[in-house]
Number of protein chains: 2
Amino acid sequence: MTLETELITTIFNGLSFTLEERKLLTRSFEKLHLPKHSLLLKAGEAVYEQYYVAEGCLRTYYIAPDGKEHTVQFAITDWWISDYTAFFNSSNALMHIECIQDATLYKISKNDMEQLYHHMPKLESYFRKKMERAFASFQKRIIANLSQTASERYLNFINTYPNIEQNVKNYHIASYLGITTQSLSRIRKELVQG
Amino acid sequence: MTLETELITTIFNGLSFTLEERKLLTRSFEKLHLPKHSLLLKAGEAVYEQYYVAEGCLRTYYIAPDGKEHTVQFAITDWWISDYTAFFNSSNALMHIECIQDATLYKISKNDMEQLYHHMPKLESYFRKKMERAFASFQKRIIANLSQTASERYLNFINTYPNIEQNVKNYHIASYLGITTQSLSRIRKELVQG
DNA sequence: ATAGTTTCTTACCATAGGTCAATTTTTTTC
DNA sequence: GAAAAAAATTGACCTATGGTAAGAAACTAT
């Protein structure tokens, strides 16, 4: 599949473009492959790009001053990933992005993004709606962290993201849920035994 | 101050509008006053509007199945508030919005919002950026919840939102931090004594 | 001001989840 | 497919925070 076809049929599936617009789109994105275990981004680096995940699995994580890792976001097929706080502010990353399963990504720079917004308001609309959904899901997660037990959050996670669960290690899940791997292990045992 | 002047000079401060656009803007917003202790929104209700806070203080909170309250968001002057998950999806509220200090609000419906976006792409841009900042701050909060102790989160809160702290009760802050009022009380004691 | 209500604090015990260390299981690599 | 490395589990113990209950302090309204 050509980059152009992929862009039109998968990433912006649902939107229609003129020939001119297709060219602009294709020029703005770049395809890349990333092997498992590699780092797409390190804390401290400038963040100029965001990435669309066509294939594979990645995670964004923060390393606290005490050295502990906290997974902020996973991304699988059809999700976008970056250190968005840094991306939006054109500042340096606070987080790392690690490839968990061999991935194919389409990257676009913030500058090209702004160009696209300018030429195609429908893209601004597309990304605003994407932001709205992300906002809603973050809010849901905050509520979950405030109101649920670790066990409830785990069940919720594997029900909501069965496709992610298959791709990641338990310690990734634990660091996403805000518990230790030992606690997660005990929770899983508990659930099996009833 | 007229509604129009207020809209132009405070809410959308920084943007410039034609006469036509000003009219459209003014028609879309409605001013309202809300007394302390009243509910702007109850869980279960349909959410058609979002609100700009010109004056006062409000909070959005979720009541968990066990009856406990969890504060998701505060809003003071120049913030927007709604049950955004419900607002974006045109679904029913999961949360309550309570007025904590007598408030003056400007409300706008989702429909009128869409109209404005359509006629003025710069507004879509304005709100996309607003969403980006909200996204970043939610992410920051998730990281804080995952990586910090209750005491650290409290210090962080009073440093980051000194203007909010003045307006709210300790139990509001506790429910925002995800701890009990007793724990917050112990933390405050600890901080005073050293 | 005084009574009533709401909010905050304190004390004591309970518990979810963390820590450390050892062991088993699974995955990777040659 | 054997050895090495990584991940998951388990047990014993610990700690931060929760639950309950009572009293103190701070507002509110007459």
Side-chain angles (χ1 to χ4, degrees), chain A residues 35-39 57 59 61 63-71 74 98-102 143-158 164-194, chain B residues 35-39 57 59 61 63-71 74 98-102 142 144-158 164-194:
Chain A
K36 204 167 165 170
H37 297 313
S38 58
L39 283 181
C57 182
R59 70 167 181 136
Y61 63 96
I63 301 185
D66 64 5
K68 281 174 197 144
E69 286 185 10
H70 303 279
T71 297
F74 291 108
E98 177 195 11
C99 181
I100 295 178
Q101 297 294 341
D102 291 4
I143 293 176
N145 283 342
L146 291 177
S147 66
Q148 301 185 321
T149 63
S151 173
E152 287 168 335
R153 277 177 280 143
Y154 174 65
L155 282 173
N156 197 46
F157 178 82
I158 58 178
I164 291 180
E165 196 212 352
Q166 293 159 13
N167 282 291
V168 305
K169 300 288 176 192
N170 280 345
Y171 67 82
H172 294 140
I173 299 178
S175 84
Y176 179 89
L177 298 176
I179 57 177
T180 59
T181 57
Q182 293 91 325
S183 284
L184 179 54
S185 181
R186 284 178 200 121
I187 286 167
R188 286 156 54 83
K189 189 184 178 188
E190 185 72 16
L191 290 172
V192 171
Q193 297 180 346
Chain B
K36 205 168 163 168
H37 298 313
S38 58
L39 283 180
C57 181
R59 70 168 181 135
Y61 62 97
I63 302 185
D66 64 5
K68 280 172 199 147
E69 286 185 12
H70 303 279
T71 298
F74 291 107
E98 178 195 10
C99 182
I100 294 178
Q101 297 294 343
D102 292 3
I142 287 175
N145 283 341
L146 292 176
S147 66
Q148 300 184 324
T149 64
S151 173
E152 287 168 334
R153 276 177 280 143
Y154 173 65
L155 283 173
N156 198 46
F157 177 83
I158 59 177
I164 291 180
E165 196 212 354
Q166 291 159 12
N167 283 290
V168 306
K169 301 287 175 191
N170 279 344
Y171 66 82
H172 293 141
I173 298 178
S175 85
Y176 178 90
L177 298 176
I179 56 176
T180 59
T181 57
Q182 294 91 322
S183 284
L184 179 54
S185 182
R186 281 176 212 122
I187 287 166
R188 287 157 52 83
K189 187 183 177 187
E190 185 72 15
L191 290 173
V192 171
Q193 296 180 347

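Chain identifiers are assigned alphabetically (A, B, ...) following the order of the sequence lines, protein sequences preceding nucleic acid strands; residue numbering begins at 1 within each chain.
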Exercise answer: donor-acceptor pairs, residues 164-172 of chain A side-chain atoms, under 3.5 Å, sequence neighbours excluded:
residue	atom	partner	partner atom	Å
A:Asn167	ND2	A:Asn163	O	2.8
A:His172	ND1	A:Lys169	N	3.1

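Protein chain A contacts DNA chain D from D:dA7 to D:dA12, reading 5' to 3' and using non-hydrogen atoms of the protein with a distance under 4.0 Å.
Partners of B:Tyr176 by ring-ring contact (aromatic ring centres under 6.0 Å, His included), not counting sequence neighbours, listed by chain and number: B:Phe74, B:Phe157. A:Lys68 pairs by the salt bridge (Lys or Arg N to Asp or Glu O under 4.0 Å) definition with A:Asp66, not counting sequence neighbours. Qualifying side-chain hydrogen bond (donor to acceptor under 3.5 Å, both in side chains) partners for A:Arg188, counting only residues two or more places apart in sequence or in other chains: A:Tyr154. Remark: B:Ser38 engages no residue in a side-chain hydrogen bond (donor to acceptor under 3.5 Å, both in side chains) (not counting sequence neighbours). Taking the side-chain hydrogen bond (donor to acceptor under 3.5 Å, both in side chains) definition, one finds that A:Ser183 meets it with A:Thr180, sequence neighbours left out. In this view, A:Glu98 and A:Arg59 satisfy the side-chain hydrogen bond (donor to acceptor under 3.5 Å, both in side chains) rule, not counting sequence neighbours. Every side chain to side chain contact (heavy atoms under 4.5 Å, CB included) that A:Ser147 has, sequence neighbours left out, goes to A:Ile143, B:Tyr62, B:Ala64, B:His70.
Here the straight-line distance linking atom CG of A:Leu177 with atom CG of A:Leu184 works out to 6.5 Å at 0.5 Å rounding.
Direction change of the helix axis from one end of the helix from C:dA1-D:dT30 to C:dC30-D:dG1 to the other is 60°, with five pairs defining each end axis (rounded to 10°).
Note: NE2 (B:His172) to P (C:dT7) measures 7 Å, nearest angstrom. Separating the CD1 atom of B:Ile100 from the P atom of C:dT6 is a distance of 17 Å, rounded to the nearest angstrom.
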Protein-to-nucleotide contact annotation, 5' to 3' order, nucleotides 13-30 of chain C [B base; S sugar-phosphate only; - none; under 4.0 Å, heavy atom]: ----SBBBB------S--
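Of the possible donor and acceptor atoms, one in the side chain of B:Ser175 sits under 3.5 Å from a partner among the backbone N and O of B:Thr71.
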